[in-house]
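Let me begin by presenting the structure, written as C-alpha cells, before commenting on it.
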Amino acid sequence: MERFAVGPETLEELEVYRGGDLVATVKPKGLWIVGANGRLDILTKNGATILVDKAQKFHKPRWVAYGRTNGREDQQFDKRCFVGLLEE
Amino acid sequence: MSIFRELGQMYGEIDSFYARREFEANKKRWAQKEKAWARKRELNDHAYFLFMFTRLEGHIRERSSKLITSKQTNLRQWKQRRVWDILPKDKDADRPYFKDRLALLVEKGSKDYNTVAGYYRLRNELGHGGGISAVPFLYPTWSMNSIGYTAFYQPDTQGTDRAQCAHSSICPCSTYFLLKKARL
C-alpha cells in the first residue's frame with residue numbers, strides 16, 4: 001500500500017457482547033495479504049480465529065476460518081462456525 | 001510431521017497467546033496494551049512468514065542446483081550443454097539469482113511463478129521494514145447477513161452503531177454487536 005501511495009483508511013471493528021460482557025472482537029487486519037484477498041481476526045478469550053477471503057480475484061468472497069480449535073486447519077466460515085466461536 | 005505443519009503449529013501457539021492478551025486488554029479498555037499485543041502478533045506473522053519462505057527458498061535452490069548438475073552431466077552435445085555450463089551448480093552460489101532459479105523450475109509468468117515471485121517481493125519488503133499487505137483494488141467484504149444473521153441497527157445512547165442480536169428483534173439471548181472505528 002505504501003508503494004502505491006494508498007493511505008490508511010478507517011474501517012469498523014465489530015464487538016460482540018452477551019449480557020453486557022464482551023465475548024468477541026472482529027478486527028480487519030489487511031487487504032491482499034499473502035495467499036488471500038484480505039484478513040479479519042476474531043478475537044475471543046481463547047485466542048484468535050483468522051478469517052481470510054480465499055476467492056479468486058474479482059469473484060464473490062469465500063471466507064475461510066483458521067483457528068486454534070481445529071488445529072489451524074481451514075473450515076468454511078458460516079453461522080455455525082461463528083456461533084461456535086461465541087459459545088466456547 | 002512436516003516442517004511446515006510444525007512451524008504452523010508453533011505459529012498458532014504463539015499467536016493464540018498474544019491474541020488472548022490483546023482481547024483481555026480491549027475488554028479492560030487498555031488501549032495502549034491492546035495495541036502493543038496487536039503489534040506483537042503482527043511481528044510474529046512477519047517472522048513466521050520469513051521463516052517459512054526461507055524453507056521454500058532453500059528447496060528451490062536445491063532443486064535448481066540439481067537440475068543444473070544433471071544438465072551439465074548428462075547432455076553430451078556441447079551446443080545443448082553450453083548454456084548450462086556457464087551456470088554455477090552450487091546451491092549456495094549467489095547466481096543464478098533467486099527468480100532465475102525459480103524460472104528454471106516453473107514457467108516464467110505462470111501462476112506458480114507469479115505466486116512465488118510475489119512471496120519473494122514481500123520477503124524483501126519485510127526485510128526492509130515494510131508490511132505484509134499489498135495494494136487493494138477491491139475490498140473483500142464480510143457481512144453478518146452473509147452467514148445468516150439479521151442485524152437490527154439502532155444508535156445507542158453514545159451514538160455508536162449497535163446491532164441487536166442475531167436471531168430476532170425480541171430475542172432474549174442478550175447478544176448484541178457494537179461497531180467501533182479502526183484504522184487499517
Side-chain angles (χ1 to χ4, degrees), chain A residues 1-6 8-41 43-53 55 57-58 61-63 66-68 71-72 77-83 86, chain B residues 5 8-9 11-13 15-20 22-24 26-29 34 38 41-42 45 49 52-53 115 118-119 121-122 125 130-144 146-149 160-163 165-166 173-184:
Chain A
M1 289 171 80
E2 285 170 5
R3 188 148 48 96
F4 292 93
V6 178
E9 189 160 326
T10 302
L11 293 180
E12 283 165 336
E13 277 181 14
L14 179 73
E15 293 189 336
V16 184
Y17 292 80
R18 180 169 287 146
D21 219 24
L22 181 66
V23 289
T25 312
V26 183
K27 294 188 172 191
K29 296 302 284 187
L31 296 161
W32 301 99
I33 59 157
V34 173
N37 299 331
R39 169 177 161 183
L40 300 166
D41 284 0
L43 302 182
T44 67
K45 65 179 175 17
N46 294 318
T49 294
I50 295 171
L51 282 187
V52 289
D53 175 12
K57 284 174 187 170
F58 306 114
R62 185 171 70 84
W63 289 101
Y66 293 86
R68 70 223 119 59
R72 293 257 161 205
F77 183 65
D78 52 18
K79 185 173 181 176
R80 191 174 157 193
C81 175
F82 186 63
V83 170
L86 299 184
Chain B
R5 191 167 281 273
Q9 198 168 7
Y11 162 80
E13 285 168 15
D15 185 64
S16 280
F17 177 83
Y18 290 153
R20 285 196 296 273
E22 185 184 342
F23 178 75
E24 285 304 320
N26 181 31
K27 202 169 176 178
K28 291 171 181 165
R29 296 294 184 232
E34 182 191 6
R41 290 185 66 221
E42 188 183 358
D45 287 355
F49 170 75
M52 287 189 167
F53 186 84
T115 301
Y119 292 168
R121 195 188 66 243
L122 277 174
E125 284 175 7
I132 217 158
S133 185
V135 61
F137 40 94
L138 61 82
Y139 281 98
T141 55
W142 171 68
S143 69
M144 300 301 285
S146 70
I147 57 165
Y149 277 84
T160 319
D161 284 339
R162 175 181 289 212
C165 93
C173 87
S174 73
T175 301
Y176 62 91
F177 307 97
L178 212 58
L179 296 170
K180 282 199 320 184
K181 299 289 182 190
R183 297 272 283 180
L184 183 63

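As the structure is a prediction and not an experimental result, all values here were calculated from the model. Just so we're on the same page: letters track the sequence lines, and every chain starts at 1.
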Inset, instruction - List for me each residue that meets ring pair (Phe, Tyr, Trp, His ring centres under 6.0 Å) alongside B:Tyr18, sequence neighbours excluded, and say none if there are none. - result: B:Trp37
Legend entry - Spacing of CZ belonging to B:Arg41 relative to CG belonging to A:Asp41, to within rounding of 0.5 Å: 4.5 Å
Legend entry - Criterion side chain to side chain contact (heavy atoms under 4.5 Å, CB included) on A:Asp21 and B:Lys27, from CA distance to verdict: CA-CA 9 Å; A:Asp21 219 24; B:Lys27 202 169 176 178; 3.9 Å; yes
Inset, instruction - Would you give the length of the straight line joining atom OG1 of A:Thr44 to atom CZ of B:Arg20, rounded to the nearest 0.5 angstrom? - result: 9.5 Å
Legend entry - Nearest non-hydrogen partners of A:Ile50 and B:Tyr11, listed with the distance: CD1-OH, 3.7 Å
Inset, instruction - Can you measure from OG1 (A:Thr25) to CD (B:Glu34) and round to the nearest 0.5 angstrom? - result: 7.0 Å
Legend entry - Electrostatic pair A:Lys29:B:Asp45 at N-O distance under 4.0 angstrom: no
Inset, instruction - May I have the step-by-step check of side chain to side chain contact (heavy atoms under 4.5 Å, CB included) for B:Asn26 and A:Leu22, ending in yes or no? - result: CA-CA 9 Å; B:Asn26 181 31; A:Leu22 181 66; 3.8 Å; yes
Legend entry - side chain to side chain contact (heavy atoms under 4.5 Å, CB included) partners for A:Ala36, two or more places apart: A:Ile33, A:Val52, A:Lys54
Inset, instruction - State whether A:Lys27 and B:Glu42 are salt-bridged, where the test is any N-O pair (Lys NZ or Arg NE/NH1/NH2 against Asp/Glu carboxylate O) under 4.0 Å. - result: no
